[in-house]
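For reference, the structure is listed below as structure tokens.
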Amino acid sequence: MRWSKALIPTLKETPADAVAPSHQLLLRAGMVRQLGAGAYSYLPIGFRVLHKVVQIVREEMDAAGALELLMPALQPIELWKESGRYETFGDLLMQLKTSSAQHFALGPTHEEVCTDIVRDLIRSYKQLPVTLYQIQTKFRDEPRPRFGILRTREFIMKDAYSFDADIEQLNASYDAMYEAYCRIFDRCGIPYAIVEAESGPIGGDSSHEFMVPSSTGEDTIIQCPACSYAANKERAEIGAGTATAPPIDPAAPAFEAVETPNRRTIEEVCDFLKVEKASSAKLLVFLADGKPVAVLIRGDHEANEAKVRRAFGASSLTQPDAATVEKATGAPIGFLGPVDLKIPLAVDRSVALMPSVVVGGNKIDVHLKGVIPGRDFALDKVLDLRDAVAGDPCPRCGEKMVENQGIEVGHVFKLGTKYSKAMGAHFLDDKGHEIAVIMGCYGIGVNRIVAAAVEAGHDANGIIWPLALAPYHVLIAPLQLTNPAVMEAAETLETSLQAAGYDVLVDDRDQRPGVKFKDADLIGIPLRVVISERGLKDGTIEVKWRTDATAHNISAATANEAILAELETTRKGMETLASERKISRSASRGK
RNA sequence: CGGGGCGUAGCGCAGCCUGGCUAGCGCGCCUGCCUUGGGAGCAGGAGGUCGUGGGUUCGAAUCCCGCCGCCCCGACCA
């Protein structure tokens with residue numbers, strides 16, 4: 001491709017609206033343009049990157065035995081009512097009505113459609129297992145699109161659905177997708193961490209997220225620096241630690257009730273009573289399967305609803321309204337406490353370790369000071385009930401864990417029979433019994449990989465694409481367009497690299513060298529080859545990798561072969577890395 | 001949805017507070033000269049419903065009200 005014939009509208013200045021590095025650089029490099037909030041056009045070279053991601057995803061999904069199909073984005077709303085997600089998806093579901101008043105949703109994901117296909121077409125265990133996938137535009141009415149192409153209302157997702165006859169088959173399908181995802185991100189050349197994610201009622205290790213570490217990431221991941229434990233904040237368990245509850249001092253005075261007029265939040269109460277937030281505790285009331293229950297969490301901690309739900313063995317956990325809370329506890333929200341509480345109570349471990357604590361008095365405008373856990377309220381049910389934070393002990397090895405931000409680029413999930421039961425997707429087993437098919441779902445955010453690659457690969461001058469995702473592998477920059485020797489050398493090199501299967505961009509613009517160098521760095525082409533009068537006079541051509549600080553000269557006479565050799569070395573290096581990781585993964589599974 | 005900010009040429013901005021001549025500047029774009037290894041220089045030029053609707057006024061980019069859009073923080077994100 002000749003730059004003069006391409007559409008690469010690079011920008012010298014950063015558009016004011018862009019804040020995230022990936023957003024700024026993709027705009028400046030002429031890869032994307034914004035149409036509206038959460039809606040972006042991919043300009044030619046941005047689209048080339050997107051397409052490279054799609055290609056890698058497709059190859060690895062095919063290699064994993066998944067079957068590609070294409071389902072409609074336009075879906076009858078009845079399907080969503082059938083699965084029950086018309087309610088649970090809520091406002092996030094993009095809806096529209098046709099002129100004849102038919103009600104549709106624009107698919108945010110395709111469990112329903114895919115299950116519908118399978119309930120019609122799969123009748124026998126002999127047809128299982130099967131994994132179907134598609135690469136398609138999804139729609140979500142995001143309340144707040146942000147960070148350029150990182151969170152948009154319309155985005156491209158690879159979504160796959162596995163259908164299995166039993167748990168063993170499900171586990172095999174899941175493992176195959178997990179492995180395929182590792183291959184995909186390895187081949188894309190982006191850094192990633194695999195973390196345990198909240199898995200819903202199935203529990204266990206049935207959900208993993210693939211995260212690209214980045215300060216612009218919207219997800220928080222908790223990692224152990226010592227062992228391999230990693231989980232997102234919603235999921236992360238907290239180790240029991242070695243600390244034990246202090247013995248109760250028999251001489252300790254009874255707790256004291258204090259007036260705290262209109263102080264409702266932890267912040268207000270602690271300010272008023274001049275105590276640290278970590279010396280207070282908050283009582284939160286939930287409805288576990290409809291019944292009121294309470295948890296006591298340290299003032300500076302956050303309750304984790306999944307942990308609370310499991311603590312009470314409930315399948316659903318909701319937040320009650322203010323009136324229900326008052327009826328259950330006898331006090332308005334803001335003054336709740338564990339002393340003389342009438343509903344079931346679970347206490348977070350960190351509260352149980354406190355020698356004394358400030359809590360609500362279960363009476364309006366009253367808090368209690370000097371309340372002693374185990375004396376003034378029971379410690380029958382002490383559990384891990386809160387979100388993990390940096391410094392908490394690892395559940396595996398006890399080491400202090402750290403917190404990092406990440407961009408979720410992939411998610412694998414064992415669904416079980418949620419959709420197959422709701423929608424009647426059954427098959428007959430070898431004994432003639434009708435059984436609900438067991439499902440898994442697996443998503444990859446294609447646009448997000450592009451954004452994450454830029455977040456992970458850029459410097460002050462612009463984007464640094466991994467070779468596998470770059471819109472062009474090589475940029476050839478002839479500096480003197482009127483010099484026939486320069487142009488001939490550029491064309492010869494272009495032809496030979498293209499013949500070897502590389503994508504080549506020739507900057508044939510009549511621009512000063514500085515302009516070409518700045519643009520080359522900005523759009524992030526991995527290998528830059530400069531051909532100039534000066535160099536040719538010395539018999540050399542200049543080669544510079546985007547990742548290197550400096551260029552090196554090679555002999556013009558053997559430039560084609562030498563450049564091809566450098567490209568091959570880099571490409572093979574990435575392949576070797578990917579296969580080494582694959583080997584180490586299968587080795588660690590064998591353990 | 002709550003809080004904050006912004007909307008003037010393709011991009012970045014000034015002008016607005018304190019209303020008044022033809023709405024400016026830099027980058028980019030077009031023409032010419034010149035220059036050619038890290039976003040050159042000179043000269044000439046094109047390009048604007050000042051987001052939008054209303055109001056106040058002799059007069060509105062500027063003041064007032066409504067609406068729309070965009071960005072950031074938060075809430076939300078099976």
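This is a predicted model, so every value here is computed, not measured. Here is the naming used below: chain letters follow the sequence lines, and residue numbers restart at 1 for every chain.
Rounded to a whole angstrom, the distance from the P atom of B:rC13 to that of B:rC33 is 36 Å. A distance of about 28 Å separates the P atoms of B:rC50 and B:rC72, rounded to the whole Å. The gap from the C1' atom of B:rC21 to that of B:rC29 amounts to 30 Å, rounded to the nearest Å. Comparing the C1' positions of B:rU49 and B:rA9 gives an interatomic distance of 13 Å, to the nearest angstrom. Comparing B:rG51 with B:rG26, their C1' atoms sit 23 Å apart, to the nearest whole Å. Straight-line distance between the P atoms of B:rG12 and B:rC17: roughly 24 Å, to the nearest whole Å.
Taking every side-chain heavy atom of A:Gln480 into account, B:rU36 is the closest of B:rC11, B:rC71, B:rU36. In the set B:rA78, B:rC73, B:rU35, B:rU35 carries the atom at the smallest distance from any side-chain atom of A:Arg512. Candidate nucleotides B:rG12, B:rC72, B:rG37 were compared by shortest atom distance to the side chain of A:Leu479, and B:rG37 ranks first. Each of B:rC77, B:rC70, B:rG39 was ranked by its minimum atom distance to the side chain of A:Ala37; first place goes to B:rC70.
A salt bridge links A:Arg528 to A:Glu542: one of the charged nitrogens lies within less than 4.0 Å of a carboxylate oxygen. With respect to the salt-bridge test (charged N to carboxylate O, under 4.0 angstrom), the residues A:Asp387 and A:Lys307 do not qualify.
Between A:Gln34 and B:rC71 there is a side-chain polar atom (N or O) within less than 4.0 angstrom of OP1 or OP2. At B:rU36, none of the side-chain N or O atoms of A:Arg534 fall inside 4.0 Å of OP1 or OP2 (strictly under the cut-off). Neither OP1 nor OP2 of B:rG38 sits under 4.0 Å from any side-chain N or O of A:Lys518.
Atom CD in A:Glu142 sits about 9 Å away from atom P in B:rA78, given to the nearest Å.
The aromatic rings of A:Tyr174 and A:His208 lie tilted to each other, with the angle between the two planes from 30° to 60°.
Among the protein residues, A:Tyr419 comes within range of no part of the nucleic acid, since none of its heavy atoms lies under 4.0 Å from any strand. Heavy atoms of A:Pro143 sit under 4.0 angstrom from at least one base atom. Residue-level contact check: A:Ser532 touches the bases, meaning some heavy atom is under 4.0 Å from a base atom. Using a 4.0 Å heavy-atom distance criterion, A:Arg153 is classed as making no nucleic acid contact. Counting non-hydrogen atoms under 4.0 angstrom, A:Gly36 reaches the backbone sugars and phosphates but no base.
Nearest-nucleotide assignment on RNA chain B puts the 5′-proximal partner with A:Asp521, out of A:Asp17 and A:Asp521. Across the interface with RNA chain B, nearest-nucleotide mapping of A:Lys544 and A:Leu35 shows A:Lys544 to be the residue nearer the 5′ end.
Exactly one of A:His411, A:Lys138, A:Gln136 qualifies for a side chain to side chain donor-acceptor pair (under 3.5 Å) with A:Asp159. That residue is A:Lys138.
No cation-pi contact links A:Arg33 to A:Tyr40, judged by a cut-off of 6.0 Å to the six-membered ring centre and 45° from its axis.
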